[in-house]
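Since the structure comes first, as structure tokens, the remarks are kept for the end.
Atom set for the values below is all heavy atoms of this structure, side chains included, hydrogens, waters and symmetry mates excluded.
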Amino acid sequence: MRVLVIGSGAREHALLLALRRDPDVEALAVAPGNAGTAIIADQYDVDITSGDAVVDLARRIGADLVVVGPEVPLVLGVADAVRSAGIACFGPTKDAARIEGSKSFAKDVMAAAGVRTATSEIVDNPANLDAALDRFGPPSGDPSWVVKDDGLAAGKGVVVTADRDTARAHAASLLDSGHPVLLESFLDGPEVSLFCVVDGETVVPLLAAQDFKRVGDGDTGPNTGGMGAYAPLPWLPDEVVTSIVDDVVKPVAAELVKRGSAFSGLLYAGLAITSRGPAVVEFNCRFGDPETQAVLALLDSPLGQLLYAAATGSLADQPPLRWRDEAAVTVVVAAENYPGRPRVGDVITGAEADGVLHAGTARRDDGAIVSSGGRVLSVVGTGADLTAARDAAYSLIKSIRLPGSHFRSDIGLTAAEGRISL
């Protein structure tokens, strides 16, 4: 099987590494990739938001399977173009990808499916903003206002704050740029990311993970695309995962089928495990970053065969997944000033070691690896438990040099110390 992976982040690097372990995968290609993925796959520079360009590349290299990593090509319908060309594709249709591309669509689906989520309100007129803010946040008894961009924002369009002025400023800036605003009630409790491979109404869950969106230790500072993650979750009982699959993911998958928008690909449920049980924070239509890096590091089953089965309608025939009896921790090394406009072009050393996955990197003509984006590297450590996995990840980080870079030092720490409970 020849597999083409679309994307350029650490998530795609992790997918390629896992696919390389599958004995059925004979060749790997990536577009556009980065300095790390170039070592393990043939690399092509194409416009990944163009269905025609992706189809042309897939045909030229004889791809048997196309795996679309990022959300933007999926929301734009790239997977539809690949399927229309008769090539198997792992990734939902443009219609089904609205589960991430439109938060209001996702809320409507969840309401119809009877899935618990935060109460919400869409604001598309600045004149209605102040009254809407008064219905949410601390005045209504919640500890914070939750203000989101209704569309795609790469994890950075969300502000959770107890300060009304901050909430209003963020909402006003979104409205001024023509983006509708979603106001939500605050959900208490630890958050969980659960990836599920989905083929219509067939749902196969992967390991649950937890990610860290705030830029600073102790969940301080602004939201980012993700600063780290760990899996599995020692504090989350198996029966809770089962209930999430049965009461959240399966009903949503069934509702999408009912609407003629059957989902095929990776359905990512982000949830809060509240005092009243799991509640959905958001759905995504693809593998999440940085959770993917931790989850796939523990997968023993052949990934290519799993994704191909979902893409070709035979997911229900797959055997149960096998997992390593270990823990994995991912720590993101970010460029100076991220999540603001990042400093780029700095030489990186130590980035070619096992366990270092690339995202915002490029290779210069002289062979040096340089930074080219905000989240530059994901460092993955594995071990017998979370403490050992953390030690492995942070030990590896010590060998990496990137001027001005920063990372969180507390990824997985509260769980490793047993300080998370339901």
Side-chain angles (χ1 to χ4, degrees), residues 1-7 11-12 14-31 41-42 48 51-52 54-71 73-97 99-100 195-206 245 249-250 252-268 284-287 292 295-296 299-322:
M1 176 165 41
R2 302 177 66 86
V3 183
L4 168 61
V5 174
I6 301 300
R11 164 186 52 211
E12 286 72 39
L15 284 165
L16 288 165
L17 288 172
L19 287 165
R20 189 171 63 169
R21 299 195 297 265
D22 186 334
D24 278 8
V25 175
E26 63 185 55
L28 289 170
V30 62
D42 295 330
I48 66 171
D52 290 342
V54 172
V55 167
D56 179 67
L57 173 60
R59 283 175 169 161
R60 279 193 286 126
I61 66 174
D64 301 297
L65 173 67
V66 175
V67 179
V68 183
E71 62 273 24
L74 292 168
V75 169
L76 293 176
V78 168
D80 304 68
V82 174
R83 287 193 184 90
S84 294
I87 302 168
C89 185
F90 184 82
T93 63
K94 177 180 180 179
D95 203 33
I99 198 75
E100 176 171 2
F195 298 166
C196 293
V197 178
V198 174
D199 169 20
E201 294 193 42
T202 302
V203 175
V204 176
L206 307 188
V245 173
V249 183
K250 286 184 177 180
V252 164
E255 176 63 23
L256 289 171
V257 169
K258 181 180 176 183
R259 293 175 179 229
S261 304
F263 195 98
S264 175
L266 196 290
L267 188 56
Y268 163 163
N284 291 332
C285 64
R286 39 71 194 181
F287 280 100
T292 298
V295 170
L296 292 186
L299 180 66
D300 257 351
S301 293
L303 180 64
Q305 296 171 42
L306 176 68
L307 303 189
Y308 187 79
T312 57
S314 58
L315 181 62
D317 300 328
Q318 288 295 293
L321 297 182
R322 303 187 309 274

Exercise. Between Asp80 and Lys94, is there a donor-acceptor pair closer than 3.5 Å when you use the side chain of the first and the backbone of the second?
Worked result: yes

For this session: For residues Pro73 and Val68, report the shortest heavy-atom separation together with the two atoms involved.
Result: CB-CG1, 3.9 Å

Problem set entry | Non-hydrogen atoms of Leu16 and Ala29 that approach each other most closely | CD2-O, 4.2 Å

Exercise. Do Tyr308 and Ser314 have side chains that get closer than 4.5 Å, going by heavy atoms?
Worked result: no

For this session: Run the numbers on Val54 and Val82 for side-chain contact (heavy atoms from CB on, under 4.5 Å), then give the verdict.
Result: CA-CA 7 Å; Val54 172; Val82 174; 3.9 Å; yes

For this session: Over all heavy atoms of both residues, which pair between Ala58 and Val66 is shortest? Give the atoms and the distance, please.
Result: CB-CG2, 3.9 Å

Exercise. Does some side-chain heavy atom of Phe90 sit less than 4.5 Å from a side-chain heavy atom of Leu15?
Worked result: no

For this session: Decide yes or no on side-chain contact (heavy atoms from CB on, under 4.5 Å) for Leu4 and Val30, but give the supporting numbers first.
Result: CA-CA 6 Å; Leu4 168 61; Val30 62; 5.7 Å; no

Exercise. Taking atom CG of Asp199 and atom CG of Leu307, what is their separation to the nearest 0.5 Å?
Worked result: 12.0 Å

For this session: Please name all residues satisfying side chain to side chain contact (heavy atoms under 4.5 Å, CB included) with Arg59, sequence neighbours left out, ordered by chain then number.
Result: Val55, Ala85, Ile87

Exercise. Are any of the side-chain heavy atoms of Arg286 and Leu74 separated by less than 4.5 Å?
Worked result: yes

For this session: Could you walk me through whether Leu321 and Leu206 pass the side-chain contact (heavy atoms from CB on, under 4.5 Å) test, one step at a time?
Result: CA-CA 8 Å; Leu321 297 182; Leu206 307 188; 3.4 Å; yes

For this session: Measure the shortest side-chain to side-chain distance between Ile61 and Asp42 over non-hydrogen atoms and say whether it is less than 4.5 angstrom.
Result: no

Exercise. Sub-3.5 Å donor-acceptor pair from the side chain of Ser264 to the main-chain atoms of Gly200, do we have one?
Worked result: no

Problem set entry | Check: Asp95 and Arg259 side chains under 4.5 Å, non-hydrogen atoms | no

Problem set entry | Residue pair Ala96 / Ser261: nearest heavy atoms and the distance that separates them | CB-O, 3.5 Å

For this session: List for me each residue that meets side chain to side chain contact (heavy atoms under 4.5 Å, CB included) alongside Asp300, sequence neighbours excluded, and say none if there are none.
Result: Arg322, Arg324

Exercise. Atom CG in Leu306, atom CG in Asp24: separation rounded to 0.5 Å?
Worked result: 12.5 Å

Problem set entry | Check: Lys250 and Glu201 side chains under 4.5 Å, non-hydrogen atoms | no

For this session: For the residue pair Tyr268 and Phe195, categorise the inter-ring angle as parallel (less than 30°), tilted (30 to 60°) or perpendicular (more than 60°).
Result: tilted

Problem set entry | Atom pair SG/CG of Cys89 and Leu65 - distance to nearest 0.5 Å | 7.5 Å

For this session: Provide the closest heavy-atom pair for Leu315 versus Val197 in the form atom of the first, atom of the second, distance.
Result: CD2-O, 3.5 Å

Exercise. Distance from Leu17 atom CG to Glu12 atom CD, nearest 0.5 Å?
Worked result: 12.0 Å

Problem set entry | Close side-chain approach of Val252 and Leu256, heavy atoms under 4.5 Å | yes

For this session: Measure the spacing between CG of Leu299 and OG1 of Thr292 and express it to the nearest 0.5 Å.
Result: 11.5 Å

Exercise. Once you round to the nearest 0.5 Å, how far does CD of Glu71 lie from CG of Leu76?
Worked result: 10.5 Å

Exercise. Can you tell if the side chain of Ile48 reaches within under 4.5 Å of the side chain of Pro70, non-hydrogen atoms only?
Worked result: yes

Exercise. Counting distance only, does the side-chain N/O of Asp22 pair as donor-acceptor with the main-chain N or O of Gly304 below 3.5 Å?
Worked result: yes

Problem set entry | Closest non-hydrogen atom pair between Ile99 and Leu267, with its separation | CG2-CD1, 4.1 Å

